[in-house]
Amino acid sequence: MKLHYDTSSQELLVRLDGELDHHRSAMLRTEIDAALYAHMPRILVLDFQAVTFMDSSGIGLIMGRYKILQPMGGEIRIQNASAYISRVLKLAGMERLAQICEGVNA
Amino acid sequence: MNTLNEFRCLFPAVSANEALARAALSAFLIPADPTAQELADLRTVISEAVTNAIVHGYRNCSGDVAVCLRMLPERVLYIRVSDKGCGIPDIEQAMTPLYTSAPEEDRAGLGFAIMQEFTDSLHVRSSPGNGTVLTMRRKLGRIHAEDD
């Protein structure tokens, strides 16, 4: 996973990778939360391009970050999710919590 | 029940073994040649079931998770995931989307909803103190033609 904070846009970009299961999500959230509290970003961008697997633990990871960001007035953007990841996101109703961008690739 | 093939394994309820369960399922399904979507769905299903056993079944104790995979006639995959953990006091409540008994761990409460969506049938047998047994079935589509 790689994190990058852009000061001008106040966006925290998190490039997730590999398998987002319960085991991995537990480790990632500590790292993401440290960056969230350090920068208080306006937008948290979660990039799924390199994610090969996700179950409801990945959904829990998104929901947990939403709960942190919402009181700060922040938003979540999800980008580059594969068809399979998009299916899980849709099943979980994630479009209600986050902006889901298709075909970004940047 | 005429079982065409079967695989059983038992592993300690530690989160690193969630990936092991997915890998075992993928390997078991190789001869059945599932579609990419079937494989993705079923890997998600077993991951949810094993994670539930680890996070909820053994939340206050340690123990083993048992997985049994069977290929039944007409390309029906049978999955059984069982634990000897604390059991589920109220199965209906546990299966309600967004309900979780572990919100502090960022659990989404969607494990059962995903398992139900990605399988044809799901049965839960559980009672407090007696562990939990999940059994699921999913019929795979027709095998791909090898000559196209």
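Chain letters run A, B, ... following the sequence lines, proteins first, then strands; residues in each count from 1.
The distance from the CG atom of B:D41 to the OH atom of A:Y84 is 7.5 Å, given to the nearest 0.5 Å.
Legend: residues meeting salt bridge (charged side-chain N to carboxylate O under 4.0 Å, His left out) with A:R77, ordered by chain and number and at least two apart, are A:E11. Applying the salt bridge (charged side-chain N to carboxylate O under 4.0 Å, His left out) rule to A:E19 yields the partners B:R22, B:R43; only residues at least two apart in sequence or on another chain are considered.
The candidate from B:V55, B:D106, B:L98, B:V50 with the greatest count of non-hydrogen atom pairs under 4.5 Å with chain A is B:D106. Taking A:M63, A:M54, A:R87 one by one and counting their heavy-atom pairs under 4.5 Å with chain B, the maximum is reached by A:R87. Here B:A16 is the residue among B:A16, B:G111, B:A113 with the most heavy-atom pairs under 4.5 Å with chain A. Ranked by heavy-atom pairs under 4.5 Å with chain B, the list A:G58, A:G64, A:S56 is led by A:S56.
Atom NZ of A:K90 has 12 or fewer neighbouring heavy atoms from other residues, nucleotides or ligands inside a 6.0 Å radius.
Residue contact with chain A, scored on non-hydrogen atoms closer than 4.5 Å, involves the side chain of B:T51 exclusively. Contacts between A:L61 and chain B at a heavy-atom distance below 4.5 Å involve the backbone alone (N, CA, C, O). Neither the backbone nor the side chain of B:V45 comes within contact range of chain A; no heavy atoms are under 4.5 Å apart.
Looking only at atom types and distance, the side chain of B:E18 has a donor-acceptor partner in the side chain of A:H22 under 3.5 Å away.
Side-chain contact between A:V88 and B:I114 is present, with at least one heavy-atom pair separated by less than 4.5 Å.
Under a hydrophobic clustering in which Ile, Leu, Val, Met, Phe, Trp and Tyr are joined whenever their side-chain heavy atoms come within less than 4.5 Å, directly or via other members, B:Y99 and A:I62 fall into different clusters.
In terms of heavy-atom proximity, A:D21 sits nearest to B:S47 at CB-OG, 4.3 Å.
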